[in-house]
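Written out below as structure tokens is the structure these notes cover.
Worth knowing before you read on, the calculation uses all heavy atoms, side chains too, and leaves out hydrogens, waters and symmetry mates. Nothing here was measured: the structure is a model prediction, and the numbers come from that model. The first residue in the sequence is number 1, and the count goes up from there.
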Amino acid sequence: MSASEQADVVVVGMGPGGEYVAGTLADAGLDVVGVEAELVGGECPYWGCVPSKMMIRAGNLLAEAGRLPALAGTAVVTSDWGKVAGRIRDEATDDWNDQVAADRFTAKGGRLVRGRGRLSGPRQVAVGERTFDARRGVVLATGTRPRIPPVPGLDQTPYWTNRDAMAAKELPASLIVLGGGAIGVELAQVFARFKCAVTVIEGQDRLLAQEEPEAGELAAEALRADGVTVLTGTRARQVGYDDAAFTVRLEGAGELLRAERLLVATGRRADLAALGVGTVGLDPSAGAVPTDGQMRAGDGLWAVGDITGRGAFTHVSMYQAQIAVRDILGQPGPDADYRALPRVTFTDPEIGAVGLTERQAVEQGLRVRTSVLSVASSTRGWVHGAGNEGLIKLVEDADRGVLIGATSAGPAGGEVLYGLNVAVHAEVPVDRLRHMIYTYPTFHRTIEAALGALS
């Protein structure tokens, strides 16, 4: 057996968080090994955030053109998926080639090792036949994989995940989407806007089940307006494929659906057993790696990103990565704070949220006050006209007089969220927020009216 190789830090998984940790530590002069089984950069730039937003941008332009008759005249628009697929291939992913990202890391002095890394003991990582001993420690950043539900027949079919959808050179004529979370609803709307017949099947009683009920209702209305068939409180009982189309038999009455393609978007999961966490005393059957406020998962072990169970968000991974880097370098800094965790579903309207939902707050035993106002009822919403659907929902801790959660949905819902994010994070008193000057006429001015409605 060959002798183990030495390094200061080994980073397992070079997605957004892992790449940041590895590159920053290498810049700081440490001997860093970055281990990646697929593409440096991870899911986000190749199969997630970036290509999906290119698709959404294109779909939104088509929708805006459709609003012209109500506001500005007429237009004849012919959609062309080839332009979207070409931009994803050429601009976003370099045809799914990570050479630029890999060179960026090695130029900083890092060592890139291609392969699937797994812990083989404290401060030790195995990659194939090679073993690396990390003097300072190991950072786990391996992300998650799509969660495939155990629907009979599904595993015998060529179903799509988000990766197949992002790489599609041509759109199918019809699509069934299993799952009504953020990925499912974003892709359903885009495909529908490019004239694909889409059906969404969601087992919960509403779309975006982790968000406020009002957000799920808004998403369903938006999808239906684009021609999507939305089936909530419904589950697939059987899936089949006959070389030309998928069939999905539903529970209950047993209705049979047919479509050219089937997209599985039923969540994501971490595989800790494959990562070898049992060799360092962690539970390989757990859904996430537990960490403290400095992202430590054990002696000489840190974890960042999706595998920490704080949500599958690039911005969380990057936030955690910065904390881990400071801790590894011995620099003081605050613990991770997730009370103002923001997220945006990039449908049209955009649905942003931060902090706790009303239900989560009540389940924590808090006494809450809430308010919900329509963006369309604001001056800016009225001026905007077609496409002005949206809402502001505020959740206040009535005893402390601070916002603990908020939803911002509308034409710029994700951008309007920023001010609410600051308010929740900094625990600005609601009474102080009420006496702030809000620009007129803006979408965010709806927040002022929503604050007034809390009283």
Side-chain angles (χ1 to χ4, degrees), residues 10-19 21-22 33-49 96 98 113-132 134 137-151 154-166 178-179 181-184 210 263-291 295-298 300-314 316-317 320-321 324:
V10 177
V11 179
V12 186
M14 292 284 280
E19 185 184 5
V21 170
V33 170
V35 181
E36 177 52 55
E38 296 182 298
L39 299 181
V40 176
E43 199 80 10
C44 176
Y46 299 104
W47 302 287
C49 329
W96 289 272
D98 68 350
V113 176
R114 302 280 187 177
R116 197 164 297 282
R118 68 188 308 275
L119 293 166
S120 53
R123 301 174 192 253
Q124 191 172 78
V125 173
V127 188
E129 298 298 315
R130 302 171 71 181
T131 301
F132 296 88
V138 175
V139 180
L140 303 177
T142 49
T144 52
R145 293 286 179 269
R147 183 190 303 276
I148 308 303
V151 179
L154 178 62
D155 62 353
Q156 303 300 312
T157 71
Y159 61 82
W160 276 4
T161 66
N162 63 294
R163 291 193 172 190
D164 303 287
M166 299 302 165
L178 294 185
I183 294 173
Q210 303 304 310
L263 171 64
V264 178
T266 49
R268 300 181 68 85
R269 67 178 187 88
D271 186 355
L272 300 190
L275 194 52
V277 299
T279 65
V280 293
L282 297 177
D283 180 5
S285 66
V289 174
T291 58
M295 309 317 304
R296 301 182 195 115
L301 184 66
W302 292 261
V304 302
D306 297 5
I307 64 168
T308 65
R310 295 292 182 170
F313 305 111
T314 294
V316 172
S317 180
Q320 294 174 330

Item checked: Atom of L272, atom of P284 and distance for their closest heavy-atom approach -> CB-O, 3.7 Å
Notebook entry, point to check: Ignoring hydrogens and geometry, is there a side-chain-to-backbone donor-acceptor pair from R118 to A126 under 3.5 Å?
Noted result: no
Next item on the list: Give the minimum heavy-atom separation between V11 and G18, together with the two atoms involved.
Entry: CG1-O, 3.6 Å
Checklist line | E36 side chain vs M14 backbone, donor-acceptor pair below 3.5 Å | finding: yes
Margin query: Any heavy-atom pair between the side chains of V138 and W302 that's under 4.5 Å?
Written below: no
Check: With side chains defined as the heavy atoms from C-beta onward, is the minimum distance between N162 and R268 less than 4.5 Å?
Finding: yes
Notebook entry, point to check: What pairs meet the salt bridge (charged side-chain N to carboxylate O under 4.0 Å, His left out) rule with one or both residues in residues 137-151, with sequence neighbours excluded?
Noted result: E38-R145
Checklist line | Pair Q320, T308: side-chain N/O donor-acceptor within cut-off below 3.5 Å | finding: yes
Check: What pair of heavy atoms forms the shortest contact from A270 to I307, and how long is it?
Finding: CB-CG2, 4.0 Å
Note to self: Nearest 0.5 angstrom please: D155 CG to I148 CD1, how far?
What the structure shows: 10.0 Å
Item checked: Of V33, V10, V125, V12, the residue whose pairing with V113 passes side chain to side chain contact (heavy atoms under 4.5 Å, CB included) -> V33
Notebook entry, point to check: Got a second to check how far L154's CG is from Y159's OH, nearest 0.5 Å?
Noted result: 6.0 Å
Checklist line | A321 to V21 - nearest heavy-atom pair and separation | finding: CB-CG2, 3.6 Å
Notebook entry, point to check: Closest approach of V35 and G115, non-hydrogen atoms and distance?
Noted result: CG1-O, 3.4 Å
Notebook entry, point to check: Within a strict 4.5 Å, meaning less than it, do heavy atoms of the V127 and F132 side chains meet?
Noted result: yes
Next item on the list: Check whether any side-chain heavy atom of V304 lies under 4.5 Å from a side-chain heavy atom of T291, and answer yes or no.
Entry: no
Note to self: I need the M295 CE to L140 CG distance, nearest 0.5 Å.
What the structure shows: 10.5 Å
Next item on the list: Of all the heavy-atom pairs spanning G48 and M166, show the shortest one and how long it is.
Entry: O-CE, 4.1 Å
Check: Could you state the interatomic distance from CD (E19) to OG (S317), rounded to the nearest 0.5 Å?
Finding: 10.5 Å
Check: What is the distance from atom CG of L119 to atom OG1 of T279, rounded to the nearest 0.5 Å?
Finding: 5.0 Å
Margin query: Check this for me: does any side-chain nitrogen of one of R269 and D306 sit under 4.0 Å from a carboxylate oxygen of the other?
Written below: no
Checklist line | Rounded distance [0.5 Å steps], CZ in F313 versus SG in C44 | finding: 12.5 Å
Checklist line | Row check, W47 ring normal vs R163 NZ/CZ: under 6.0 Å, within 45° | finding: yes
Note to self: My understanding is that only residues two or more places apart in sequence, or in another chain, count here; which of them pass salt bridge (charged side-chain N to carboxylate O under 4.0 Å, His left out) with R310?
What the structure shows: none
